[in-house]
Amino acid sequence: MLRFAPSPTGDLHIGNLRVALFNYIVAKQKNKRFIVRIEDTDQARNVEGKDKEILEILKLFGIEYDDLIYQSKNLHFHQNLAFKLLEEGKAFVCFCSEEELEKEREKAKKERRPYRYSGKCENLTLKEASQRRGKFVIRVKKPATPIKFRDLIKGEQQFSPFEVDSFVILRSNGMPTYNFACAIDDMLSDIELIIRGEDHLSNTPKQIHIRNLLGYTKEVEYAHLPIILNEEGKKMSKRDKASSVKWLLEEGFLPQAIINYLILLGNQTPQEVFTLQEAIEWFDIGKLSKTSAKFDLAKLRFLNRKHLEKLDPKLLAQKIGVKEELGELVKLYLEEASTLKELKEKIRKVLEEKREFGEFKREAQELKEIIAQLELPTEFEEFKKEVMKRSSLKGKRFFKPLRLILSGADKGPEISLLYRHLRPEIKELIKL
RNA sequence: GGCCCCAUCGUCUAGCGGUUAGGACACCGCCCUUUCACGGCGGUGACGGGGGUUCGAGUCCCCCUGGGGUCGCCA
């Protein structure tokens, strides 16, 4: 069983989409089930409706899941198991206030040493604890020996008890913390391979520690993906527009192109342009680069154009909101545009924008009058010959204004092709 | 700062002891063209530094430097 576990606290991030994608691909390859788990234990930060939005995006990208779980539904497991650890002496009640801890953190920072829990409440007995009043949390006792695990991408990993620390597993409001809930849910769902971002690497020993204490012996495999960097080489954040899947979609990038790019990034693939189905055939998580990669919008644009080129003309026309017959014309403009948004704008200019003829005003007027009276032949050559004959114009003074009439721009796709696909519209275009 | 990870063109990468260090995107030039962010052809451009090991190092080892991640009652 594999899983994707987003939190409904913000827009789906491009890095998260990649995590979902890889989990999906590997599940398909291994013929395992794949579930989505919404991590909603932080009520304060949950955003109403974000879960649905995330699910919709997954659907749009063709990432299908076998089951959907809400982490909050497992609350009773989390709480019961926290108390079990407490009773067994593997966890303890901690009364340290947040202010107190904050002070210690600042002190640690000033002394340039990493902050770790002081251990102050570690030896409080349950009896002593029950006699005290005030808010408290439950912390797990840090392990006695280093925690080791194997990562499919990073190799063997080892973390000292000091790095794991005695961390909080149950908050003062009774809700589990991320690491605790996550460790338990993965156990309950029988997750065998966890593919997630590198930023979770240091969480992994904590989660393993929890399951160890709970007596869970099954070994879980990990693959921590290098994070995606922005152009400055920093972790992509909400500040980077391209990090938002929603934004990319609005800009007119095709889901299949985004998928292509996310698989290509930091990877060795047999082709540059491919479909998700093809990738499932050869994708190898172990071949992913250990180095974090910068997000390259230019490359995405290139791939998007390639996928746009593969689209059925009618479907393409539909996507940019023009009649299906104009699909071939839209395709012509792929040589000048890389996204649906740009394409839409190009086509709008051809079909709707008022023409500016500049120095060719007189010639354009002459051509328009001729065209208005002409029965338009199928072939451009014929059309050209006829209009030329009737007009007395030739060369640049013929082609420039003609191009302007047909497309509204002084440059663009080959004029004979424009004519072929635009022919039914020409009588209208000369009125612009 | 502690811990962890990483290091080949601007970007993504190939390379697994002997290569003119290859490809793709981007960029530039030429051709085609009335024109073009299409197409064809070509070009600029990289092994971070220092020590070893070796006949020989981008490839193996060490150090330095640089970059990234992480150190919450967030996930």
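Here is how names work: the chains are called A, B, and so on, in the same order as the sequence lines, proteins then strands, and each is numbered from 1. Just so it is clear, the model here is predicted, and its values are computed rather than measured.
- The aromatic rings of A:Phe383 and A:Phe380 are tilted relative to each other, their planes meeting at an angle between 30° and 60°.
- Between A:Phe162 atom CZ and B:rC4 atom P the separation is 12 Å, expressed in whole Å.
- Note on A:Gly412: a base of the nucleic acid sits closer than 4.0 angstrom, heavy atoms only.
- Under the Watson-Crick and G-U wobble criteria, each requiring two contacts below 3.5 Å, nucleotide B:rU70 is paired to B:rG2.
- At the heavy-atom level, A:Ser338 lies nowhere under 4.0 Å from the strands shown.
- With hydrogens and angles ignored, a donor-acceptor pair under 3.5 angstrom links the side chain of A:Asn203 to the base of B:rA75.
- In this structure, A:Met175 places its CE atom 13 Å from C1' of B:rA75, rounding to the nearest Å.
- Atom-to-atom distance recorded for A:Ile191:CD1 and A:Leu2:CG is 6.5 Å, nearest 0.5 angstrom.
- Considering only side-chain atoms of A:Glu335, the nucleotide from B:rC25, B:rC38, B:rC5 that sits closest is B:rC38.
- Checking B:rC5, B:rU70, B:rA75 against every side-chain atom of A:Tyr178, the shortest atom distance belongs to B:rA75.
- Pair assignment for B:rA37: none, as no Watson-Crick or G-U wobble contacts are both less than 3.5 Å.
- For A:Arg113 and B:rG2, the CZ to C1' distance is 11 Å, given to the nearest whole Å.
- The residue A:Thr41 sits close only to the backbone: its heavy atoms come under 4.0 Å of sugar-phosphate atoms, none of a base.
- Among the atoms of the strands shown, none is found under 4.0 Å from any heavy atom of A:Arg397.
- Among the protein residues, A:Leu332 comes within range of no part of the nucleic acid, since none of its heavy atoms lies under 4.0 Å from any strand.
- At a threshold of 4.0 angstrom between heavy atoms, the contacts of A:Glu98 include nucleobase atoms, whether or not backbone atoms are also involved.
- Between B:rG58 and B:rG51, the distance separating the two P atoms is 14 Å to the nearest Å.
- Closest to the side chain of A:Lys294, from the set B:rC12, B:rC38, B:rC73, is B:rC12.
- Toward the 5' end of RNA chain B, the nearer of the two residues A:Pro413 and A:Glu309, judged by each one's closest nucleotide, is A:Pro413.
- The minimum heavy-atom distance linking A:Val322 with A:Ile347 is given by the pair CG1-CG2, 3.9 Å.
- Base-pair partner of B:rC16: not found among the strands shown (Watson-Crick or G-U wobble, both distances under 3.5 Å).
- When each of B:rC12, B:rG68, B:rA7 is scored by its nearest atom to the side-chain atoms of A:Leu265, the top-ranked nucleotide is B:rC12.
- Spacing between atom CG of A:Leu404 and atom P of B:rU35 amounts to 15 Å, rounded to whole angstrom units.
- When the P atom is used for both B:rU8 and B:rC61, the distance is 16 Å, rounded to whole Å.
- Candidate nucleotides B:rC25, B:rA37, B:rU70 were compared by shortest atom distance to the side chain of A:Glu342, and B:rA37 ranks first.
- Base pairing analysis places B:rU53 opposite nothing; no Watson-Crick or G-U wobble pair with both distances below 3.5 Å involves it.
- Counting non-hydrogen atoms under 4.0 angstrom, A:Lys234 reaches the backbone sugars and phosphates but no base.
- Candidate nucleotides B:rA75, B:rC4, B:rU34 were compared by shortest atom distance to the side chain of A:Lys396, and B:rU34 ranks first.
- For A:Ile227, the listed nucleotide lying nearest its side chain is B:rG69; candidates were B:rC25, B:rG2, B:rG69.
- Residue A:Val137 is classed as a base contact, given a heavy-atom separation below 4.0 Å to a base.
- With respect to A:Arg37 and A:Asp67, no salt bridge is recorded, no charged nitrogen being found less than 4.0 Å from a carboxylate O.
- Cation-pi geometry between A:Arg211 and A:Tyr216 is not met: the NZ or CZ atom fails to fall both under 6.0 Å from the ring centre and inside 45° of the normal.
- Nearest-nucleotide assignment on RNA chain B puts the 5′-proximal partner with A:Asp199, out of A:Asp42 and A:Asp199.
- Within the 3.5 Å criterion, the main-chain N or O of A:Arg3 finds a donor-acceptor partner in the side chain of A:Asn23.
- When Watson-Crick and G-U wobble pairs are counted only if both distances are under 3.5 Å, B:rG45 pairs with no nucleotide at all.
- Using atom C1' as the reference point in both B:rG49 and B:rA7, the two lie 12 Å apart (nearest Å).
- A stacked arrangement is not assigned to A:Phe302 and the six-membered base ring of B:rC25, the conditions of a centre distance below 5.5 Å and an interplanar angle below 30° not being jointly met.
- Ion pairing between A:Arg150 and A:Glu219 fails under the 4.0 Å rule for side-chain N and carboxylate O.
- Here the P atom of nucleotide B:rU35 and the CD atom of A:Glu336 are 15 Å apart, to the nearest Å.
- The A:Gln157 side chain lies nearest to B:rC5 when the options are B:rC5, B:rU11, B:rG69.
- When both distances must be under 3.5 Å, the Watson-Crick or G-U wobble mate of B:rG58 does not exist.
- Among the nucleotides B:rC38, B:rG68, B:rA75, the one closest to the side chain of A:Leu229 is B:rG68.
- Nucleotides B:rC41 and B:rC4, compared at atom C1', are 48 Å apart to the nearest Å.
- In this entry the distance linking CG of A:Leu417 with C1' of B:rU33 reads 12 Å, nearest Å.
- Spacing between atom CD of A:Glu156 and atom C1' of B:rC5 amounts to 15 Å, rounded to whole angstrom units.
- Residue A:Ile259 comes nearest to A:Phe61 through the heavy atom pair CD1-O, 3.3 Å, listed as atom of the first residue, atom of the second, then distance.
- The separation between A:Arg116 atom CZ and B:rC3 atom P is 10 Å, rounded to whole Å.
- Counting only heavy atoms from C-beta on, A:Arg112 has its side chain closest to B:rG1 among B:rG1, B:rU13, B:rU34.
- In this model, a side-chain donor or acceptor of A:Ser172 finds a partner on the base of B:rC73 within 3.5 Å.
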